[in-house]
Amino acid sequence: LDLAFVIGGEDKVPVELSTFNVVFTEGTSILHWTTASESGNVGWNVYRGLNNDVMASEQINVELILSPDGTTSEPTDYYFVDESELEALETYWYGIESLSDDGDTDLYGPISLTVPEGGDEPDPPPVPETYGLHQNYPNPFNPNTTISYMMHDDCVGTLIIYNIKGEEIVTLFKDEDIVKDEKLFEPWNGKDNNGNTVPSGIYLYQLDTDHGNYSRKMIITK
C-alpha cells in the first residue's frame, strides 16, 4: 500500500514522503515510511482509526518519533510497531503526522490494513524473475528472513549485512561462485558474526560481485 493523499500544509513543506506502507507480521502491525528529503522536520506522530477519516483517529505513539537529521536531502527510513491487540478481520486505517520546527504539521495517509484471521501471515510473494538482488522476505521480520538474488552472468560474490551506520554485522558468504540465470536463496537468522542476536532496527544487505554491486534495506522488529 502506497501513499494515498496529503492533508494540510502551508507554503513550507517539511518533508517529501516517497513511501508509506503497513504490514501485518509476527502478529503485529508494522508501519514503514521513507522520506526523500526533509527540511526542519522535528519528528512524527502515528494515528489509527476504524475509518479513513484521519482527523478522527487516535494518536497511538506515546513519544514523538524523532527525525535523526531534521534537514537532509538524503532518504530517511522510519518504522513504528503498533503493539495494540488488533481484532482479526477488522480493517484499521493509519496516518502519520510530521511536525516542523516552526510548529506546523502535515498529515499523510490514510492507508489501510485488514488483520488476517487467526493472525495468519499472507503467502510469500513469488520470487521476481529479475536479475540482481531481490527484497528479502519476510520484511519486516523477527528473527528469520531470506534473501534471494539472480545474476545475469557467472560471477563471484560476497553478501554482507550492515547496520544503518555502515558497520559490518555479519558476512553471509564470501567469494562464492554464483551461477548465472539461477535464483538463489540465502537465509539469515538475525545474528551477527559472533552469534549474538542483533537489536531491532534498519539494516542494509549488500551483494558485491565482480560484475557489479547491489544493496537493499530491511527491518528487524522485536
Side-chain angles (χ1 to χ4, degrees), residues 1-3 15-26 28-38 67-69 72-81 96 111 121-193 197-222:
L1 295 171
D2 293 324
L3 173 65
V15 301
E16 179 185 352
L17 193 68
S18 59
T19 63
F20 177 26
N21 55 65
V22 59
V23 297
F24 189 81
T25 183
E26 302 290 338
T28 304
S29 173
I30 302 171
L31 282 77
H32 173 232
W33 63 98
T34 302
T35 60
S37 63
E38 301 186 14
S67 168
D69 299 305
T72 179
S73 59
E74 297 296 324
T76 304
D77 286 287
Y78 299 88
Y79 74 96
F80 176 81
V81 179
I96 52 177
I111 56 175
E121 305 295 340
D123 292 332
V127 176
E129 296 285 345
T130 57
Y131 293 105
L133 184 63
H134 307 145
Q135 187 62 52
N136 64 299
Y137 186 86
N139 186 53
F141 64 97
N142 176 27
N144 299 302
T145 192
T146 299
I147 298 167
S148 62
Y149 54 97
M150 184 168 67
M151 296 292 105
H152 190 274
D153 298 295
D154 291 339
C155 59
V156 176
T158 297
L159 181 59
I160 300 176
I161 296 175
Y162 300 89
N163 63 21
I164 199 65
K165 297 179 181 180
E167 300 167 335
E168 180 179 332
I169 298 299
V170 63
T171 298
L172 297 182
F173 61 77
K174 184 175 182 179
D175 297 333
E176 184 173 295
D177 291 329
I178 300 175
V179 180
K180 68 176 183 179
D181 297 330
E182 182 176 345
K183 286 182 287 190
L184 301 171
F185 301 85
E186 187 69 28
W188 183 43
N189 59 3
K191 295 184 178 181
D192 62 18
N193 281 323
T197 300
V198 302
S200 59
I202 300 171
Y203 292 82
L204 310 176
Y205 57 104
Q206 181 167 313
L207 177 63
D208 296 329
T209 77
D210 47 359
H211 291 299
N213 302 324
Y214 312 82
S215 64
R216 285 182 178 268
K217 295 179 181 180
M218 57 181 163
I219 299 174
I220 299 178
T221 62
K222 300 298 182 182

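All residue numbers in this chain count up from 1 along the given sequence.
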With rounding to the nearest 0.5 Å, note down the distance linking [atom1] in [X] to [atom2] in [Y].
| X | Y | atom1 | atom2 | value |
| --- | --- | --- | --- | --- |
| Asn163 | Ile202 | CG | CD1 | 11.0 Å |
| Leu204 | Ile164 | CG | CD1 | 5.0 Å |
| Asn189 | Thr197 | CG | OG1 | 7.5 Å |
| Phe141 | Trp188 | CZ | CH2 | 5.0 Å |
| Ile169 | Asp192 | CD1 | CG | 6.5 Å |
| Ile178 | His152 | CD1 | NE2 | 14.5 Å |

Report yes or no: does [X] contribute a side-chain atom to a donor-acceptor pair with the main-chain N or O of [Y] at less than 3.5 Å?
| X | Y | value |
| --- | --- | --- |
| Ser18 | Thr34 | yes |
| Gln135 | Lys217 | yes |
| Asp208 | Thr158 | no |
| Tyr203 | Val198 | no |
| Ser148 | Phe185 | no |
| Asp153 | Lys180 | no |
| Tyr79 | Gly201 | yes |
| Thr145 | Tyr137 | yes |

- Query: Parallel under 30°, tilted from 30 to 60°, perpendicular over 60°: which one fits the rings of Trp33 and Tyr78?
  - Reply: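 Judged by the thresholds at 30° and 60°, the geometry between Trp33 and Tyr78 is parallel.
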
- Message: Assess the residue pair Val179 and Asp154 against the criterion (side-chain contact (heavy atoms from CB on, under 4.5 Å)); give the C-alpha distance rounded to whole Å, side-chain angles, the decisive distance to 0.1 Å, and a yes or no.
- Response: CA-CA 5 Å; Val179 180; Asp154 291 339; 4.0 Å; yes

- Query: Knowing that exactly one of His32, Arg216, Met218 qualifies, which makes a side chain to side chain contact (heavy atoms under 4.5 Å, CB included) with Asn139?
  - Reply: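 Exactly one pass, corresponding to Met218.
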
- Query: What's the verdict on side-chain contact (heavy atoms from CB on, under 4.5 Å) for Tyr205 and Val170, showing C-alpha distance, side-chain angles and the deciding distance?
  - Reply: CA-CA 10 Å; Tyr205 57 104; Val170 63; over 6 Å; no

- Item | Smallest separation among heavy atoms of Ser29 and Val22, with atom names |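 That would be OG-CG2, 3.5 Å.
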
- At their closest point, which heavy atom of Thr209 faces which heavy atom of Asn213, and how far apart are they?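 Where Thr209 meets Asn213 most closely, the heavy atoms are N-OD1, 3.5 Å.
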
- Non-hydrogen side-chain atoms of Tyr214 and Met151 separated by less than 4.5 Å: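 When only atoms from C-beta onward are counted, Met151 and Tyr214 do touch, with a gap below 4.5 Å.
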
- Are Thr76 and Pro68 side-chain neighbours, meaning at least one heavy-atom pair lies under 4.5 Å?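 In contact.
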
